[in-house]
Amino acid sequence: MAIGNEFILEWIDKVAKVSGLQMDPVTLADDVLLMAVVFDDEISFQQAMDSVVRALDQLVQGKVAASELVSNYNGWDSYHFQSQRTKGHRADLRVIFQNITADFTQVKGFGHRHLPA
Amino acid sequence: MEKKGLISDMSQQMLRIVERVRGGFQLDSHINITQLSRSTVWRSNLEKFEAMQILDRNHTAAVMLTPDAFRALIQYIEAIEEELENTQIEMLLKAREDMNNWETDEELSRKAKDSFLSRQEHLRGLLDGDRK
């Protein structure tokens, strides 16, 4: 069953409210939608979006070690993390971002690393 | 921060092993399942070919790889995945090059929701339609 609008809007809001995060509004809408296309049942969608918000939060707060990042995409970094909280789950999601200042992190996009957009 | 596992970083030896495995099975590179524990002749063939078919009554029941061959294949897959991902990220950055309306918090939330709702018909089509 496809993810309903109310969940998409709810998670757009939750991502936007991550303190210190900057994003382009259109790309935010696109990326939450794409997550709903990939994780097409409510439970896994909620879990995956929850993982996204957690990862974004950690990035903004500078809690991710540089060694965990893949860099050199013209100044943007990529952080890989898992969609589900089961131990040993593959890091199937990524965030493309750059730390602009100590207070703000710009996010270019987030989503599944392998499933097509 | 590092990029790992690129094909160019794989050792020549590992790449040669992958090519040998891919090169197809050669005439002598099979062993009958009943012979596996009975003789040791196949060991030198396995070392030579890196992979062998295990036959059970003339059909291929399984394929046996040396540990090195298995490791080389996994490494190769990972290297390819890494390069594919790099390309996808570059494409994404290119596509979103001019999308720089950086917003935060309430403004970001409001504008993103508006963006979604104003394109709803098209976007819902992606969610609801063409499902495999």
Side-chain angles (χ1 to χ4, degrees), chain A residues 1-5 7-34 36-37 40 60 65-80 94 96 100 103-114 116-117, chain B residues 1-10 73-132:
Chain A
M1 163 109 191
I3 307 297
N5 279 3
F7 291 110
I8 293 176
L9 295 172
E10 174 191 340
W11 284 101
I12 284 176
D13 188 66
K14 284 185 181 175
V15 171
K17 298 289 169 64
V18 171
S19 176
L21 179 145
Q22 287 182 344
M23 201 167 176
D24 178 288
V26 177
T27 64
L28 172 53
D30 283 351
D31 285 350
V32 174
L33 176 97
L34 286 168
V37 171
D40 57 0
V60 172
S67 58
E68 291 185 69
L69 307 175
V70 182
S71 76
N72 206 20
Y73 301 108
N74 291 333
W76 295 89
D77 294 334
S78 183
Y79 175 51
H80 305 158
R94 68 168 168 242
I96 311 291
I100 293 302
D103 300 317
F104 282 109
T105 296
Q106 283 181 352
V107 174
K108 250 308 172 179
F110 56 83
H112 202 278
R113 289 173 64 195
H114 308 294
Chain B
M1 295 187 255
E2 53 181 72
K3 277 183 179 175
K4 62 164 174 59
L6 294 181
I7 294 172
S8 54
D9 289 340
M10 275 184 72
L73 285 177
I74 296 295
Q75 225 191 339
Y76 191 66
I77 290 171
E78 286 173 351
I80 293 174
E81 280 183 335
E82 186 97 13
E83 291 208 11
L84 176 61
E85 181 164 28
N86 289 346
T87 305
Q88 285 172 336
I89 291 175
E90 278 161 31
M91 281 174 56
L92 178 120
L93 287 173
K94 188 82 187 135
R96 293 183 173 183
E97 213 169 31
D98 299 324
M99 298 178 83
N100 296 313
N101 298 321
W102 304 108
E103 302 278 6
T104 64
D105 209 49
E106 197 56 54
E107 277 294 284
L108 173 58
S109 179
R110 188 178 59 79
K111 288 181 180 176
K113 286 178 187 174
D114 285 347
S115 171
F116 175 75
L117 292 168
S118 68
R119 292 179 292 148
Q120 212 185 147
E121 253 181 64
H122 168 65
L123 295 181
R124 283 282 356 153
L126 291 174
L127 279 167
D128 302 326
D130 290 328
R131 305 191 66 74
K132 289 177 191 167

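Chain letters run A, B, ... following the sequence lines, proteins first and then strands; every chain starts at 1. Everything quoted here is computed from the prediction, not taken from an experiment.
Residue contact with chain A, scored on non-hydrogen atoms closer than 4.5 Å, involves the side chain of B/Leu92 exclusively. No part of B/Arg110 comes within reach of chain A, as not one of its non-hydrogen atoms sits under 4.5 angstrom from that chain. Of the two parts of A/Ser78, only the side chain, counted from C-beta on, holds a non-hydrogen atom closer than 4.5 Å to a non-hydrogen atom of chain B. Contact of B/Leu117 with chain A is made through the side chain alone, with heavy-atom distances under 4.5 Å.
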> After noting the C-alpha distance and the side-chain angles of A/Met23 and A/Thr105, does the key distance pass the side-chain contact (heavy atoms from CB on, under 4.5 Å) rule?
Replying inline: CA-CA 9 Å; A/Met23 201 167 176; A/Thr105 296; over 6 Å; no
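Ranked by heavy-atom pairs under 4.5 Å with chain B, the list A/Ile8, A/Ile96, A/Val15, A/Val107 is led by A/Ile8. Ranked by heavy-atom pairs under 4.5 Å with chain A, the list B/Glu81, B/Lys113, B/Arg96 is led by B/Arg96. For chain B, the option among A/Thr27, A/Leu28, A/Val18 with the highest count of heavy-atom pairs below 4.5 Å is A/Thr27.
Rounding to the nearest 0.5 Å places CG of A/Asp30 at 7.0 Å from CG of B/Leu123.
Here the side chains of B/Asn101 and A/Pro25 are in contact, with some heavy-atom distance below 4.5 Å. For the pair B/Phe116 and A/Val32, the minimum side-chain heavy-atom distance is 4.5 Å or more.
Salt bridge status for A/Lys14 with A/Glu10: present, with a side-chain N to carboxylate O gap under 4.0 Å. Under 4.0 Å is where a charged nitrogen must lie from a carboxylate oxygen, and between B/Glu107 and B/Lys111 at least one such pair does.
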